[in-house]
Each structure stands twice: as structure tokens, then as C-alpha cells.
Amino acid sequence: MTLEEVHGQEAVVESAERMHSAGKALHELLISAQRQQCLTVGVYESAKVMNVDPDNVTFCILAADEIDEGDIALQIHFTLIQAFCCENDINIVRLNDTDKLAEILGSTDESGEPKDLHCILITNPSEDAWKDPALEKLGLFCEESRNVNDWVPSITLPE
């Protein structure tokens with residue numbers, strides 16, 4: 001086995017561990033933010049919040065299943081949201097499983113209508129910065145991803 005092969009295997013294991021850790025942190029963050037009532041759910045609702053008060057947005061999650069990948073309107077919204085987040089230094093990740101997201105957050109709102117889980121914002125509830133260890137882990141994950149030119153990293157939620 002060559003040195004390059006050994007380093008390649010180490011990188012794959014490290015990447016898988018990093019991805020699993022980020023997925024676990026995202027799961028914890030979603031539960032914590034929902035408890036703190038710091039979530040904005042839905043593409044249009046998120047766009048309103050980003051337009052009115054972008055300084056209170058601390059994290060953005062874009063979620064789409066394989067079916068949604070063909071939705072051109074949704075992809076245009078995602079592109080605009082990504083650009084806004086990058087311009088305003090808001091960490092952003094992509095998820096490819098809206099079903100797991102629905103398990104965590106619920107699939108319907110108070111009125112029984114289905115939730116639009118394609119865009120979720122984590123907001124800061126007050127002037128005191130909301131400190132959550134999971135949010136800090138995800139911020140570090142996003143920063144490390146940007147260092148290797150992965151501007152919107154994909155995360156998989158744990159089983």
C-alpha cells in the first residue's frame with residue numbers, strides 16, 4: 001500500500017466521521033431551536049425574515065428530496081437564498097431528506113396544513129446571542145467546508 005492510499009483512506013474515514021458529527025449536531029440544533037421557538041419554516045416565510053431582519057438569522061437549512069431537484073422554481077429560490085446567506089455571512093447547509101426533517105419538526109402546522117420544509121432558518125431570539133454547542137459545531141463545519149471551496153455543504157441527518 002502506498003502512502004497516498006493510506007492518506008486517502010484516512011481522509012475518507014475522517015470525512016465520514018465529520019459528516020456524521022455534523023448530522024448529529026444539526027439534529028440537536030433543530031430540536032433545541034424548536035424548543036426555543038427560534039425556527040422559521042418555509043421558503044416564503046424565510047425570505048420575509050431575511051428581508052426584514054437578516055442580522056438575527058444565524059443558520060439556514062435548505063432541504064430537498066430527489067423529487068424536488070426537478071422543481072425549477074424551488075431551485076431558483078434556493079439559489080437566491082444561498083446568495084443572500086453568503087453575502088450576509090449566514091452559515092448554510094443542504095439536506096437531502098425532508099422525511100427525516102418532518103419526523104423531527106412535524107409535517108403539519110397548528111392548522112393542520114403541511115409545512116414547507118424546504119427552507120428553515122434558525123434565528124436569534126433576543127439581543128443576547130443564543131449560544132448552543134450544536135450551532136457552534138455546525139458553524140465550524142461550515143467554515144471548514146468553505147476552506148475547501150464547498151460553500152453549501154450537504155449534511156445527512158442520523159438514523
[X] versus [Y], closest heavy-atom pair with distance:
X      : Y      : value
Ala63  : Phe78  : O-CZ, 3.5 Å
Val93  : Cys142 : CG1-SG, 3.7 Å
Ala134 : Ala25  : CB-O, 3.2 Å
Lys115 : Thr108 : CE-O, 3.3 Å
Ile81  : Cys60  : CG2-SG, 3.8 Å

Under 3.5 Å donor-acceptor, [X] side chain and [Y] backbone:
X     : Y      : result
Asn88 : Phe84  : yes
Gln34 : Leu105 : yes
Asn56 : Thr123 : no
Thr79 : Gln75  : yes
Ser21 : Glu17  : no

So do [Y] and [X] actually touch side chain to side chain, heavy atoms under 4.5 Å?
X     : Y      : result
Asn91 : Leu138 : no
Val43 : Leu74  : yes
Asn96 : Thr156 : no
Leu95 : Ile120 : no

Distance check, rounded to the nearest 0.5 Å: [X] atom [atom1] versus [Y] atom [atom2]?
X      : Y      : atom1 : atom2 : value
Leu29  : Ile61  : CG    : CD1   : 6.5 Å
Ser145 : Trp151 : OG    : CH2   : 10.5 Å
His77  : Asp116 : NE2   : CG    : 9.0 Å
Asp65  : Leu101 : CG    : CG    : 9.5 Å
Glu45  : Thr40  : CD    : OG1   : 8.5 Å
His118 : Leu62  : NE2   : CG    : 10.5 Å

Of Leu30, Ile122, Leu121, the one forming a side-chain contact (heavy atoms from CB on, under 4.5 Å) with Phe59 is Ile122
Membership question, hydrophobic clusters at under 4.5 Å side-chain separation (ILVMFWY): are [Y] and [X] in the same one?
X      : Y      : value
Ile104 : Val41  : yes
Val49  : Leu39  : no
Ile155 : Ile31  : yes
Leu140 : Leu135 : no

Applying salt bridge (charged side-chain N to carboxylate O under 4.0 Å, His left out) as the test, list every pair that has at least one member in residues 150-159; sequence neighbours left out.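 Matches after skipping sequence neighbours: Lys100-Glu159.
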Asn124 and Thr58: side chain donor to acceptor below 3.5 Å: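 Thr58 and Asn124 do not have a side-chain donor-acceptor pair below 3.5 Å.
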Step through the shown structure and confirm whether more than 12 heavy atoms of other residues, nucleotides or ligands are within 6.0 Å of NZ on Lys24. no
Taking only residues two or more places apart in sequence, or in another chain, which ones meet Arg146 in a salt bridge (charged side-chain N to carboxylate O under 4.0 Å, His left out)? none
Glu69/Arg94 salt bridge by N-O under 4.0 Å criterion: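 A salt bridge links Arg94 with Glu69.
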